[in-house]
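See below for the structure under consideration.
Nothing fancy with the numbering, it's 1 onward along the sequence.
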Amino acid sequence: MGNGKGQWDNHGPMSITIKTAPEIDAMRRACRLASEVLDHIALHIQPGMTTLEIDRLGAECMARQGTRSATIGYQPPGYPAYPGNLCTSINHVVCHGIPNDKPLKKGDIVNVDVTVITEDGWYGDSSRMYLIGDCSIAAKRLCALTYEAMWIGILQVKPGARLGDIGHAIQKFAEGHGLSVVREFCGHGIGQKFHEEPQVLHYGRPGTLEELKPGMIFTIEPMLNAGKRDIKELGNDGWTIITKDRSLSAQWEHTVLVTPTGYEVLTLSEGYPALPDFVKATTT
């Protein structure tokens, strides 16, 4: 789940935690389990299904795993309690879409955002886009470019780099393809709390903000719009955010560990979409 800048579940900022080897192992497991929920949803999602049914599928998968949803009942200061086991954001919904009983139709794009808590209290967080039936070229392009933008951000991760390097790389890529970057929500540190320091902006200047160090774990989760970057709340549920111009919005999210030599993506799984060619080239 994207973190609204300044909204922390511990009522204030704190220092960045460096995870120990056992803690990193616990996070690997939590993140793998979050990805497996998304794998399970991918097998079933189709036109005519409601996002409430997707929510139920996610909850059932978590129950089988022995995990539970971090989002249901989640209530940062100033927000109502979130009612879903996961977030389902359709078309022009940017983030935090609440599952409902409206059927998905062919051509819709849907972001499903899952955060699990393991029985020993570790959080795993990931989101994916799903194309429902045959989608427009514009919708496919937005989803594909947002996926690539996330990976371009991930490729910046290594000790000595700075958080601004991640944001800059994503912004440059997105705007170079005529897309806009949502600025009100960002990635975040994660561990035994849902949202920790640092905040991971998806725009910015290279060489700025915190230096990356081995053992840091955080999410990279750009939200890109086909139109302008301006957003607004939909209605008065306190959560659902949409594009002001009603243009399509897409988001992908991975949880990433800073390693001594670079990065490790903790939320990869068997059912995950293929890596972009430019990522494969760096790992072979």
Side-chain angles (χ1 to χ4, degrees), residues 1-7 41 45 47 49-55 58 71-72 74-76 78-115 125-133 135-147 149-150 170-171 174-175 177-188 195 199 201-203 219 221-253:
M1 178 185 265
N3 182 55
K5 289 189 293 177
Q7 290 292 348
I41 288 165
I45 197 166
M49 185 180 219
T50 69
T51 49
L52 267 176
E53 289 173 295
I54 295 170
D55 195 70
T71 54
I72 195 159
Y74 176 64
Q75 190 170 14
Y79 284 73
Y82 186 79
N85 292 288
L86 35 80
C87 299
T88 50
S89 302
I90 304 169
N91 296 336
H92 63 283
V93 177
V94 175
C95 62
H96 304 163
I98 295 171
N100 61 35
D101 58 3
K102 188 177 172 189
L104 294 170
K105 57 190 190 302
K106 287 180 184 174
D108 284 340
I109 59 172
V110 189
N111 177 270
V112 180
D113 192 342
V114 170
T115 309
D125 191 3
S126 187
S127 85
R128 293 182 203 171
M129 295 302 298
Y130 297 89
L131 302 173
I132 308 303
C135 293
S136 69
I137 290 169
K140 289 178 188 170
R141 178 179 182 269
L142 174 67
C143 293
L145 288 174
T146 306
Y147 185 58
M150 173 188 66
I170 291 170
Q171 182 182 8
E175 292 177 354
H177 285 88
L179 306 177
S180 61
V181 181
V182 171
R183 301 195 176 203
E184 290 81 358
F185 295 89
C186 58
H188 52 89
H195 296 114
Q199 297 189 56
L201 306 182
H202 303 113
Y203 62 94
T219 69
E221 47 178 307
M223 304 172 197
L224 304 185
N225 299 341
K228 293 181 177 170
R229 67 177 178 85
D230 308 291
I231 61 170
K232 65 177 183 178
E233 274 190 46
L234 174 68
N236 56 2
D237 64 29
W239 283 102
T240 307
I241 302 294
I242 62 170
T243 54
K244 218 176 225 183
D245 61 8
R246 297 271 172 154
S247 64
L248 291 176
S249 187
Q251 180 192 22
W252 292 82
E253 176 183 15

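Heavy atoms only, all atoms of each residue included: Glu221 and His202 are closest at N-NE2, 3.0 Å. Minimum heavy-atom separation, Cys135 to Lys140: O-CE, 3.3 Å. Here the shortest heavy-atom pairing between Ile109 and Ala139 reads CG2-CB, 3.8 Å. Scanning both residues, Gly84 and Pro99, for their nearest heavy atoms gives CA-CD, 4.3 Å. Contact between Gly97 and Thr240 at its shortest, heavy atoms only, is CA-OG1, 4.1 Å.
For the residue pair Tyr79 and His96, no side-chain donor N or O sits within less than 3.5 Å of a side-chain acceptor on the partner. Side chains of Ser247 and Asn225: no donor on one and acceptor on the other come within 3.5 Å. Looking at Asp125 and Thr115, their side chains do bring a donor and an acceptor atom within 3.5 Å of each other.
Side-chain contact between Arg183 and Gln171 is present, with heavy atoms from C-beta onward closer than 4.5 Å. Side-chain contact between Asn111 and Thr88: absent, with no pair of heavy atoms (C-beta onward) separated by less than 4.5 Å. Considering only heavy atoms from C-beta on, Tyr130 comes within 4.5 Å of Ile41 through its side chain. Counting heavy atoms from C-beta on, the side chains of Tyr147 and Met129 never come closer than 4.5 Å.
In this structure, the side chain of Trp252 does not engage the main chain of Ala149 through any donor-acceptor pair within 3.5 Å. Not one N or O on the side chain of Thr50 forms a donor-acceptor pair closer than 3.5 Å with the backbone of Lys102. The main-chain N or O of Asn85 is found under 3.5 Å from a side-chain atom of Asp55 such that the two form a donor-acceptor pair. Counting only distance, with no hydrogens or angles, the side chain of Thr146 and the backbone of Gln251 share no donor-acceptor pair below 3.5 Å. No donor-acceptor pair under 3.5 Å is formed between the side chain of Ser249 and the backbone N or O of Val93.
The side-chain contact (heavy atoms from CB on, under 4.5 Å) test with Thr51 is passed by exactly one of Val112, Ile45, Leu86, Leu104: Leu104.
Here the CG-OG distance, from Asp230 to Ser180, works out to 8.0 Å after rounding to the nearest 0.5 Å. Between atom CG of residue Leu248 and atom CG of residue Leu179 there is a gap of 10.5 Å, rounded to the nearest 0.5 Å. Expressed to the nearest 0.5 Å, how far CG of Asp108 lies from CG of Asn91 amounts to 4.5 Å. Within the model, atoms OG of Ser89 and CD1 of Ile98 stand 9.5 Å from one another, a figure rounded to the nearest 0.5 Å. Distance check, rounded to the nearest 0.5 Å: CD of Gln199 to OG1 of Thr219 gives 10.5 Å. We find the OG-CE distance between Ser127 and Met223 to be 7.5 Å, quoted to the nearest 0.5 Å.
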Handout entry: Test side-chain contact (heavy atoms from CB on, under 4.5 Å) applied to Lys228 and Thr243, step by step
Key = CA-CA 8 Å; Lys228 293 181 177 170; Thr243 54; over 6 Å; no

Exercise for the section: Show the numbers, then the answer: is there a side-chain contact (heavy atoms from CB on, under 4.5 Å) between Lys244 and Ile231? Expected result: CA-CA 5 Å; Lys244 218 176 225 183; Ile231 61 170; over 6 Å; no

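By the 30° and 60° cut-offs, the orientation of the rings of Tyr74 relative to Trp239 is tilted.
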